[in-house]
Amino acid sequence: QVQLVESGGGLVQPGGSLRLSCAASGFTFFTFSTYGMRWYRQAPGKERELVADISSAGGSTNYADSVKGRFTISRDTSKMTVYLQMNSLKPEDTAVYYCNAYKSKPIYWGQGTQVTVSS
């Protein structure tokens with residue numbers, strides 16, 4: 001069964017860093033490499049928003065304006081894992097972060113990992 005599991009969230013002070021991981025299972029190695037991957041986040045009372053995107057080949061990335069220069073998305077196909085390196089975190093980054101596998105539209109979702117940025 002296909003499953004995405006996020007990890008790496010937690011409590012961090014403003015200006016700190018976290019690295020989120022999204023481990024995929026239920027894919028074959030080959031099939032995983034055909035999906036683009038995205039990180040979304042959702043804060044209380046707000047809609048889920050797209051934070052970062054990486055193509056299936058890993059050669060193209062896109063970021064929300066609010067995180068450009070601070071977040072980096074990457075993928076390790078051999079480990080079937082996608083990462084989100086988050087630096088210079090701000091309180092506004094507080095949200096549940098979700099990874100998603102897509103082919104033109106979202107297909108598989110993880111359950112999310114909580115990131116809280118607070119002093």
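Values in this document were obtained by computation on a predicted structure and should not be read as measured data.
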Task: Interatomic distance, Glu6 atom CD to Cys99 atom SG [nearest 0.5 angstrom] - done: 4.0 Å
Open item on the list: My understanding is that a hydrophobic cluster links ILVMFWY residues whose side chain heavy atoms are under 4.5 Å apart, including indirect links. Using that, what else belongs to the cluster containing Leu11?
Closed with: none
- [ ] Work out which heavy atom in Cys22 is nearest to a heavy atom in Leu4; give both atom names and the distance.
- [x] SG-CB, 3.9 Å
Task: CZ on Arg19 to OG on Ser74, rounded to 0.5 Å - done: 7.5 Å
TODO: State yes or no: do Val67 and Val12 share one hydrophobic cluster built from I, L, V, M, F, W and Y residues joined by side-chain heavy-atom distances below 4.5 Å, directly or via other members?
DONE: yes
TODO: Treat each ILVMFWY residue as a node, draw an edge where side-chain heavy atoms are under 4.5 Å apart, and state whether Val115 and Tyr63 are in one component.
DONE: yes
Open item on the list: Please determine whether residues Tyr108 and Leu20 belong to a single hydrophobic cluster, defined as Ile, Leu, Val, Met, Phe, Trp and Tyr linked transitively by side-chain heavy-atom distances below 4.5 Å.
Closed with: yes
Task: Qualifying residues under side-chain contact (heavy atoms from CB on, under 4.5 Å), relative to Val96, sequence neighbours excluded - done: Tyr98, Gln114
Task: Closest contact, heavy atoms only, Asp53 versus Ile73 - done: O-CG2, 3.6 Å
Task: Lys/Arg cation over aromatic Trp109: Arg38, 6.0 Å, 45° cone - done: no
Task: Those residues that, when tested against Gln3, pass side-chain hydrogen bond (donor to acceptor under 3.5 Å, both in side chains) (two or more places apart) - done: none
Task: Residues Asp93, Lys90: salt bridge by 4.0 Å N-O rule - done: no
Task: Where Phe27 and Ala101 come nearest, the two heavy atoms and their spacing - done: CZ-CB, 4.4 Å
Open item on the list: Tell me every residue that passes side-chain hydrogen bond (donor to acceptor under 3.5 Å, both in side chains) with Thr77, counting only those two or more places apart in sequence or in another chain.
Closed with: none
Open item on the list: Quick check: closest heavy atoms across Asn100 and Pro106, and the distance to 0.1 Å?
Closed with: ND2-CB, 3.3 Å
- [ ] For Val117 and Thr94, work out which heavy atoms get closest and say how close.
- [x] N-OG1, 2.9 Å
TODO: To the nearest 0.5 Å, tell me how far Thr61 OG1 sits from Phe71 CZ.
DONE: 14.0 Å
Task: Distance-only side-chain donor-acceptor flag, Arg41 / Tyr97, under 3.5 Å - done: yes
Open item on the list: Testing the basics here: between Ala95 and Ala43, what is the closest heavy-atom pair and its distance to 0.1 Å?
Closed with: CB-N, 3.8 Å
Run the side-chain donor-acceptor check on residues 79-86: report pairs under 3.5 Å with partners two or more places apart or on a different chain.
{"unit_1": "Thr81", "atom_1": "OG1", "unit_2": "Lys79", "atom_2": "O", "d": "2.9"}
{"unit_1": "Gln85", "atom_1": "NE2", "unit_2": "Asn87", "atom_2": "OD1", "d": "3.0"}

Open item on the list: I'd like to know whether CD of Gln111 has more than 12 heavy-atom contacts from other residues, nucleotides or ligands below 6.0 angstrom.
Closed with: no
Identify every side-chain donor-acceptor pair in residues 30-37 under 3.5 Å, counting partners at least two apart or on other chains, and give the distances.
{"unit_1": "Thr31", "atom_1": "OG1", "unit_2": "Thr28", "atom_2": "OG1", "d": "2.8"}
{"unit_1": "Ser33", "atom_1": "OG", "unit_2": "Phe30", "atom_2": "O", "d": "2.6"}
{"unit_1": "Thr34", "atom_1": "OG1", "unit_2": "Thr31", "atom_2": "O", "d": "2.6"}
{"unit_1": "Thr34", "atom_1": "OG1", "unit_2": "Lys103", "atom_2": "NZ", "d": "3.2"}

- [ ] Answer whether the closest heavy-atom distance between the side chains of Pro91 and Ser118 falls below 4.5 Å.
- [x] no
